[in-house]
Amino acid sequence: PEDLFELQYREIILEKIPPLIEQAKIMSQKYDVVCTNPPYMGQGNMTSKLVNYIKDHYINSQGDFYTVFVERCMNLCLKNKYISMITQHSWMFVSSFQGFREYVFNNSIIRSLVHLGPRAFEEISGEVVQTASYILSKISNINFKGTYIKLDDISSPIGKERTYLYDSKNRRFIISRFELELIPKSPVAYWINKKLLNLYREPKYISSFVDGLASGNKTANNDKYLRYVWEIDSNMVGDSWILYAKGGIYRKWYGNLENVIDWSGEARYFYKSNKTSNLLNEKFWFKTGITYTDLTSKGFNGRLLPADVLFDMSGPSILIADTERLHYLIALLNSIVAEYILKLLNSSFHIKLNDLNRMPIILIENTLLKDNIIQIAVNNIRISKTDWDSFETSWDFKKHPLLAHKKVADTIEEAFTNWSNFAENQFIQLKANEEELNRIFIEIYGLQDELIPDVDDKDVTITRIYDSKED
């Protein structure tokens, strides 16, 4: 007699085989239209087996699981036919997806793309999930001009829907792959101004004007090797403990210098030898430059890096010995023009050095205008430093502002009024200076139709004293 267990398994197998054969037929055919919303998963969440499989079979799209699905869908599509997807928008901008962008450009055309950005769905809030919906045709044509609709700055799903259906005329952009590929690393920066695009035909980049670009030091154990300046004996600061720029809150011109790093021989040996640390290259030690916060939702915010300060990976730096060039560049980078260009190059929350080094730089020849830009930048740094040093968290704190602005005041209230008036005047001056720099650089870059020079009060990064919480 037959083995009852073998009979049972045979029946199960015979039941499962037909659907598997049907699935194999489906996956082996080619289609006129392939449409899906693929799953998202970075390599950090994949099993080693899946990572190795993707590296072996989908080398162009290994950055994320959703890009693997896009490539697979392109393989399932007939020539001249269509692939329709909704995915995260990271492939359009992030440098690590450059190979995937090249694959898409070389094997298809982007017929249309709706850039939804964050909050495209009621169920998903916040800024993390940012999406784009697009239609590809499986044909290569470098001169084909795709249609793009920009909705990523609209804050609600219903707002995006209404704008798309009834008011998208001024949000439509037409651009070819040839034009997109003029920009280094080919981000899908479809809304780029034509005058700005022309700068990429013969571009000049930051790296050709500065002494170095450096990502910074990494201790891998901040609890042990970093302290606030007030936690260390002041006689040790500048010797075995060094002031340390570590990114920090959104702040322009000067400040966020409240940390020190252990720079003893033993500590430096650890940074160099430990696998998860990084010792800053010695040629970048103690150099003047511009440091900034690399993780920000509000745009680039550059600050003066003094020569006695080192810097962290979260506060990458542009090193410049030439003071005139330093002040010109910090003025440009802190302007609305740089914010606009950097969003074109990378719409994520991180601003990397290679993003800065893809920004076309215009160094003007008009001496009077250049001197004006430099002088405004010098004044802005002075105003911001005065503000930063007014508080005890600054290494250069000397006197409480109530005493610094006491003058002939006989009461604390009068001294406070003096300080409040001084701070308000400084605030107004800094805001006016930033708006003037915006106006100058908007004109230099020919972006009058794209940008306005106005600065919101909340984006002026020095102290403003209010009489009440409601102000």
Side-chain angles (χ1 to χ4, degrees), residues 210-296 300-323 325-327 329-330 333 351-353 356 381-382 384-399 461:
V210 303
D211 303 319
L213 302 168
S215 62
N217 198 77
K218 181 182 179 183
T219 71
N221 189 345
N222 286 348
D223 289 341
K224 179 176 181 180
Y225 293 107
L226 296 188
R227 294 290 184 271
Y228 289 111
V229 292
W230 55 86
E231 296 181 303
I232 294 295
D233 183 336
S234 60
N235 294 320
M236 299 173 66
V237 177
D239 183 15
S240 57
W241 290 86
I242 304 296
L243 286 169
Y244 195 56
K246 195 177 179 296
I249 62 171
Y250 180 82
R251 184 180 176 92
K252 293 181 177 181
W253 307 110
Y254 191 92
N256 289 1
L257 299 176
E258 58 186 9
N259 293 106
V260 286
I261 183 173
D262 185 349
W263 208 244
S264 62
E266 180 183 352
R268 278 181 280 150
Y269 176 79
F270 176 80
Y271 308 151
K272 184 176 182 179
S273 59
N274 181 53
K275 291 181 179 180
T276 58
S277 303
N278 179 64
L279 177 64
L280 181 66
N281 191 309
E282 190 169 356
K283 68 179 180 180
F284 299 133
W285 296 3
F286 306 114
K287 304 290 185 181
T288 304
I290 301 166
T291 187
Y292 69 95
T293 304
D294 95 309
L295 177 59
T296 174
F300 185 88
N301 51 114
R303 298 171 294 277
L304 177 69
L305 178 75
D308 60 346
V309 178
L310 297 170
F311 52 96
D312 188 82
M313 280 188 166
S314 56
S317 296
I318 306 161
L319 306 172
I320 323 168
D322 186 310
T323 56
R325 193 159 285 184
L326 184 155
H327 289 116
L329 282 176
I330 198 172
L333 292 173
I351 300 174
K352 299 300 184 184
L353 288 168
L356 293 175
I381 292 170
R382 176 185 55 78
S384 186
K385 187 177 190 307
T386 299
D387 173 69
W388 181 257
D389 292 341
S390 295
F391 298 94
E392 294 177 347
T393 50
S394 169
W395 174 247
D396 291 323
F397 173 80
K398 296 292 189 298
K399 186 186 293 185
T461 56

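Not measured: the values here are computed from a predicted model. Values reported hereafter were calculated over all heavy atoms of this structure, with side chains retained and with hydrogens, waters and symmetry mates removed.
Residues L310 and W285 come closest through the heavy atom pair CD2-CA, 3.9 Å. W395 and V237 make their closest contact through CH2-CB, 3.6 Å (heavy atoms, listed as atom of the first residue, atom of the second, distance). Here the closest non-hydrogen pair linking V309 and A245 is CG1-N, 3.7 Å. When all heavy atoms of S317 and G315 are compared, the closest pair comes out as OG-O, 3.3 Å. Smallest separation of non-hydrogen atoms from L280 and A214: CD1-CB, 4.3 Å. Taking all atoms of both residues into account, the shortest heavy-atom contact from T296 to Y250 is OG1-CD1, 4.1 Å.
No side-chain donor-acceptor contact under 3.5 Å links T276 to the backbone of A220. Of the possible donor and acceptor atoms, none in the side chain of W230 sits under 3.5 Å from a partner among the backbone N and O of T393. Under a 3.5 Å cut-off, the side chain of T291 and the backbone N or O of G289 do not form any donor-acceptor pair. Between the side chain of R303 and the main chain of G247, a donor-acceptor pair closer than 3.5 Å is present. In terms of modelled atom types and a separation under 3.5 Å, the side chain of T461 and the main chain of K252 share a donor-acceptor contact. The backbone N or O of W263 lies less than 3.5 Å from no partner atom in the side chain of S240, so there is not a single donor-acceptor pair. Between the side chain of T288 and the backbone N or O of T323, no donor-acceptor pair lies under 3.5 Å.
Residues D294 and K352 are in side-chain contact: their nearest non-hydrogen atoms beyond the backbone lie under 4.5 Å apart. Inter-residue side-chain proximity for E258 and W388 is flagged as met; some heavy-atom pair is nearer than 4.5 Å. Looking at heavy atoms from C-beta onward, P306 lies out of side-chain contact with L243 at the 4.5 angstrom threshold. Between I330 and Y254 there is no side-chain heavy-atom pair separated by less than 4.5 Å. Inter-residue side-chain proximity for L305 and L319 is flagged as met; some heavy-atom pair is nearer than 4.5 Å.
Rounding to the nearest 0.5 Å gives a distance of 13.5 Å between CG of N259 and CD1 of I242. Between W253 atom CH2 and I290 atom CD1 the span is 9.0 Å, to the nearest 0.5 Å. If you take CG on N221 and CG on N274, they are separated by 8.5 Å, rounding to the nearest 0.5 Å. Interatomic distance, I318 CD1 to L326 CG, rounded to the nearest 0.5 Å: 9.0 Å. Between the CZ atom in F284 and the CG atom in L213 there is a gap of 7.5 Å [rounded to 0.5 Å]. Taken from CG in N217 to CD1 in I261, the straight-line distance is 4.5 Å, to the nearest 0.5 Å.
When the side chain to side chain contact (heavy atoms under 4.5 Å, CB included) test is applied to N278, the partners found at least two apart in sequence or on another chain are K218, M313. Y225 pairs by the ring-ring contact (aromatic ring centres under 6.0 Å, His included) definition with F270, Y271, not counting sequence neighbours. A search for salt bridge (Lys or Arg N to Asp or Glu O under 4.0 Å) contacts involving D396 returns K385, not counting sequence neighbours. Contacts of Y269 classified as side chain to side chain contact (heavy atoms under 4.5 Å, CB included), with partners at least two apart in sequence or in another chain: S273. A search for ring-ring contact (aromatic ring centres under 6.0 Å, His included) contacts involving Y292 returns F300, not counting sequence neighbours.
Contacts classified as salt bridge (Lys or Arg N to Asp or Glu O under 4.0 Å) and involving residues 263-273 (residues at least two apart or in different chains) are not found.
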Go through K287 and D211 one step at a time and tell me if the side-chain contact (heavy atoms from CB on, under 4.5 Å) criterion holds.
-> CA-CA 9 Å; K287 304 290 185 181; D211 303 319; over 6 Å; no
Verdict with reasoning, N222 to K246, per side-chain contact (heavy atoms from CB on, under 4.5 Å) | CA-CA 11 Å; N222 286 348; K246 195 177 179 296; 3.4 Å; yes
Starting from the C-alpha separation in whole Å, work towards a yes-or-no answer on side-chain contact (heavy atoms from CB on, under 4.5 Å) for I381 and H327.
-> CA-CA 9 Å; I381 292 170; H327 289 116; 3.5 Å; yes
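Residues R251 and T293 bring no donor and acceptor atom of their side chains to less than 3.5 Å of each other.
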